[in-house]
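These figures come from a predicted structure and were not determined experimentally. Lettering follows sequence order; numbering is per chain, from 1.
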Amino acid sequence: MSHERKTEEEWVRVQERPLDVSALEAFLRHPRAGGVCVFVGTTRAVTGSVVTEELRYEAFSEMALDEMKRLAAEASVRWPVLRAALHHRTGVVPVAEASVAVGVATPHRADSFEACRFLIDRLKETVPVWKKEIYADGSTEWVEPGKTDQG
Amino acid sequence: MSHERKTEEEWVRVQERPLDVSALEAFLRHPRAGGVCVFVGTTRAVTGSVVTEELRYEAFSEMALDEMKRLAAEASVRWPVLRAALHHRTGVVPVAEASVAVGVATPHRADSFEACRFLIDRLKETVPVWKKEIYADGSTEWVEPGKTDQG
Amino acid sequence: MSASEPVRVRLFSVLKERTGQSEILLDAGDVDSVGAALSALGRTYPVIADYRRWIRPAVNRAYADEDTLLKSGDELALITPVSGG
Amino acid sequence: MSASEPVRVRLFSVLKERTGQSEILLDAGDVDSVGAALSALGRTYPVIADYRRWIRPAVNRAYADEDTLLKSGDELALITPVSGG
């Protein structure tokens, strides 16, 4: 299952299939661009002493697309963004595979780094996607940043 | 013509063919990586009121590879770099095509952005590659940062 | 009983798992605000009461707050701390 | 005349274009340092004298300076301001 919205300037997607980073990078090419910055988040096998087998992502896909579009619009106010793309994968994401890819094209390189950093940082704060760790010992855990355990 | 050096951790290349950003991104995948940051520099058609037709790059290829390896090693001292790649194209690079691609994989995303930014910034300062602007009006110019004209 | 459309509550992640529900319909006449809906849901599903302080409610796919008014046909999503990326 | 290998000078970019040379061989006995080589080259090629303050010399593919000593068989590259990327 995949959801997407695509205009000439921005492309947001939520999909179960592996992400196509090449297609994302190709979308970002623009004759007025001097710099393209792409960030790819991948499933890390080891965090501290804990071994992750895989991650499972769940999204509220329709709202996730809205939020990603809103973030792209916010970035375009702050930086001269020529193209922006935000893609998130859902379902099982094995170790070393990409869960998220975010990219920005701007006339100059400093802006591409800043806008890309902004998009991935904000995506992790506001886009309704949730991650469940599946550990090598068989246990599982929803990752809930900022939630302390005295529920 | 292409020159390259490749180990398990780093991959530097200077080549006349178009850059393969997908291959670079694939090389950066690592089971302990959480973040991969890739920067692609592309030929910009317009800078201010000046229209660029194409860029022509010339490299001192053997030394360029040495310098790129040295920069990757320097980044690895400052950040926990799992993989690094620096590829530069030479010869004619038309508008919207990539002249340079630099990427880094690290366990956490902030480091991938910082290390990638460091690599592209330093590459532009020390790697022996020169750019000639071919303007739409037929004139040409070697780009020589920091050189004032009273030779 | 109201003849109008219900408020459609969407649950995800830990709340979906622990309530066993991905969608709950509430009578729009009974819950005129997000806060009222959360209180009603918390009485039936203790885990929603437990999570209330960490829930960012979204109405019709935009973040809202407890004071946001609800009307017939609205969609209320209970967004627990997100962890995409 | 020395029987030893010459110092091999490499030129790129604007210096290659304006001297018409990509490589110049110097007798190693005549140029014992980078500075001496640059002075000798500057006498033959005015553009090298003009560019001298902006040239970063590299000996055997590593950045050096005017005091760096040259020996038979060394490669001296005249690196004008770089503009890759």
Chain C contact via A:Glu67 - which portion, at a heavy-atom distance below 4.5 Å | side chain
Okay, A:Tyr57 and chain C: the region with an atom under 4.5 Å from a heavy atom over there is side chain
Using non-hydrogen atoms and a limit below 4.5 Å, what part of residues 26-41 of chain A faces chain C?
-> none
Part of residues 86-104 of chain A lying next to chain C, heavy-atom separation under 4.5 Å | A:His88, A:Ser99, A:Val100
C:Arg10 versus chain A, the contacting section by heavy-atom distance below 4.5 Å = side chain
Contacts of residues 32-43 of chain C with chain A (heavy atom under 4.5 Å) | none
When A:Leu65, A:Ile120, A:Thr42, A:Thr126 are compared by non-hydrogen pairs under 4.5 Å with chain C, the top option | A:Thr126
Do the charged groups of A:Lys6 and A:Glu10 touch, with an N to O distance under 4.0 Å?
-> no
Are A:Asp66 and A:Lys69 within salt-bridge range, i.e. N to O under 4.0 Å?
-> no
Should A:Trp142 and A:Glu133 be marked as a side chain to side chain donor-acceptor pair (under 3.5 Å) after you check the CA-CA gap, both sets of side-chain angles, and the distance that decides it?
-> CA-CA 6 Å; A:Trp142 285 106; A:Glu133 293 263 7; over 6 Å; no
Sequence neighbours excluded and cut-off under 3.5 Å, please list the side-chain donor-acceptor pairs for residues 76-85 of chain C, or say none.
residue: C:Thr80; atom: OG1; partner: A:Trp130; partner atom: NE1; Å: 3.1
residue: C:Ser83; atom: OG; partner: A:Lys131; partner atom: N; Å: 2.8
residue: C:Ser83; atom: OG; partner: A:Val143; partner atom: O; Å: 2.8

Using a cut-off of under 4.5 Å for heavy-atom pairs, which of C:Lys16, C:Arg61, C:Glu75 has the most such pairs with chain A?
-> C:Arg61
Find the distance between CE (A:Met63) and NE2 (A:His3) and round it off to the nearest 0.5 Å.
-> 14.5 Å
Using modelled atom types only, decide if a donor and an acceptor are shared between the side chain of A:Thr52 and the backbone of A:Tyr135 within a distance under 3.5 Å.
-> no
